[in-house]
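Structure first, commentary second.
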Amino acid sequence: MDVFTISVEAYEVVAHILTLGYAAMAASLLYFILTKNDNMPKYRMSSVLSVVVMVSALLLLFAQQRSWTDAYEFTGTAYALREGADLFTNGYRYLNWMIDVPMLLIQILFVAGIAGAAFKRYMVQFSTAGVLMIVTGYIGQFYEPGRIGENLVWWLIWGTISTIFFVWVLVLITRVIREGKKNMKGSKAQKVFGNILPLFFISWFLYPGAYLMPLLLQLGIADYGFSIVAQQLTYTAADIASKVIYGVMLNTASTILSQEQGFEVKA
Ligand code: RET
């Protein structure tokens, strides 16, 4: 088998995982639409931004799945790159993040109760850091081991530049969650809101982890099939945690806060 030939199992697992990814976004899209009015108007923008995230992820993860199935053909015993077909690319993901990362970072501000000049400042910093993190990572992924233009040095340099902006995002989100918790003093929502911080750190760290998966290939620890399965599995788990579970936690906090402030859902 040459490096780009993969086993039937590896091919199928990736096809299934990518399908799970966009199916989860479709199901969650309905959840965020249907639960929006359980919250007071001042919290509803968080649900609206979850809807924006779901629609963009649904479309782009669908394209990602098609990119996978279009790139390979069955040879009778395994899957090989199809003659003349587009190569599989993670590029769609990065462009999806360009939309979703600023949305995910801004939506928490509405629930945290951050307003006025502080809101504007966080919004600008989150958008700047988030977009720069992704653009530099997008450039880097063109050099990933296993791709035609592979170049280990450029891959690691762009990855490192992206990490600097990532650290900036982590500093800001830690501050926002701390401020939000302070604003929720005495509320039952404080616990679920506070738990967003560990979820955020775990789920967002999975992305650079997946970026580095081709190192398994580079170091001879795994073949191309294994490294791509590990990478797609990690990206999908990260997507479900950072968009869906995060959104559900924010929605839960908003609903508790709304009830505590006397908001009643009209039947
Ligand atoms: C890259 C490049 C390598 C270095 C780092 C990265 C970080 C990516 C992150 C992405 C988060 C995406 C989310 C998407 C949700 O829709 C770009 C992989 C640090 C943190 C949350």
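Just so it is clear, the structure is predicted and the values come from calculations on it, not from any experiment. What's counted below: heavy atoms across the whole structure, side chains too, no hydrogens, waters or symmetry copies. Counting starts at 1 for both ligands and their atoms, following the listed order.
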Checking heavy atoms under 4.0 Å, the part of Trp204 that sits near ligand 1 is both

of all protein heavy atoms, closest to atom 17 (C) of ligand 1 is Ser162 OG, 3.6 Å

A student checking ligand 1 against Gly137 at a 4.0 Å heavy-atom cut-off should list atoms 2 (C), 17 (C)

A student checking ligand 1 against Ser242 at a 4.0 Å heavy-atom cut-off should list atoms 15 (C), 21 (C)

N/O donor-acceptor pair under 3.5 Å between Ser47 side chain and Tyr43 backbone
no

Exercise. Asn90 and Gln232: side-chain donor and acceptor closer than 3.5 Å?
Worked result: yes

Here the gap from Asn251 atom CG to Gln107 atom CD, rounded to the nearest 0.5 Å, amounts to 9.5 Å

One finds that the ligand 1 atoms under 4.0 Å from a non-hydrogen atom of Thr163 are 4 (C), 19 (C)

The protein heavy atom nearest to atom 8 (C) of ligand 1 is Tyr207 CB, 3.6 Å

If we ignore hydrogens and angles and just use 3.5 Å, is the side chain of Gln218 paired with the main-chain N or O of Pro214 as donor and acceptor? no

Note: Val101, heavy atoms under 4.0 Å from ligand 1, region reported as side chain

| Can you find a non-hydrogen atom of Ile134 under 4.0 Å from ligand 1? | no

Note to self: Side chains of Asp38 and Ser258 only: does a donor on one sit below 3.5 Å from an acceptor on the other?
What the structure shows: no

Measuring from non-hydrogen atoms of Gly159 to any atom of ligand 1, is the shortest distance under 4.0 Å? yes

Within 4.0 Å of some non-hydrogen atom of Trp97, the atoms of ligand 1 are 12 (C), 14 (C), 16 (O)

If we number the atoms of ligand 1 from 1 as shown, the ones under 4.0 Å from a heavy atom of Phe166 are 19 (C), 20 (C)

From the list Phe74, Tyr79, Tyr224, ring pair (Phe, Tyr, Trp, His ring centres under 6.0 Å) with Tyr11 holds only for Tyr79

Looking only at protein heavy atoms, what sits closest to atom 16 (O) of ligand 1 is Lys243 NZ, 2.5 Å

Cluster check Leu104, Val171: I/L/V/M/F/W/Y, side chain < 4.5 angstrom
no

In this structure, atom 7 (C) of ligand 1 is nearest to the protein heavy atom Pro208 CD, 3.8 Å

Within 4.0 Å of some non-hydrogen atom of Leu104, the atoms of ligand 1 are 15 (C), 16 (O)

Of Tyr207, Phe205, Phe201, Phe200, the one forming a ring pair (Phe, Tyr, Trp, His ring centres under 6.0 Å) with Phe166 is Phe205

request  = Answer yes or no: are there more than 12 heavy-atom neighbours, outside Met45 itself, under 6.0 Å from its atom CE?
outcome  = no

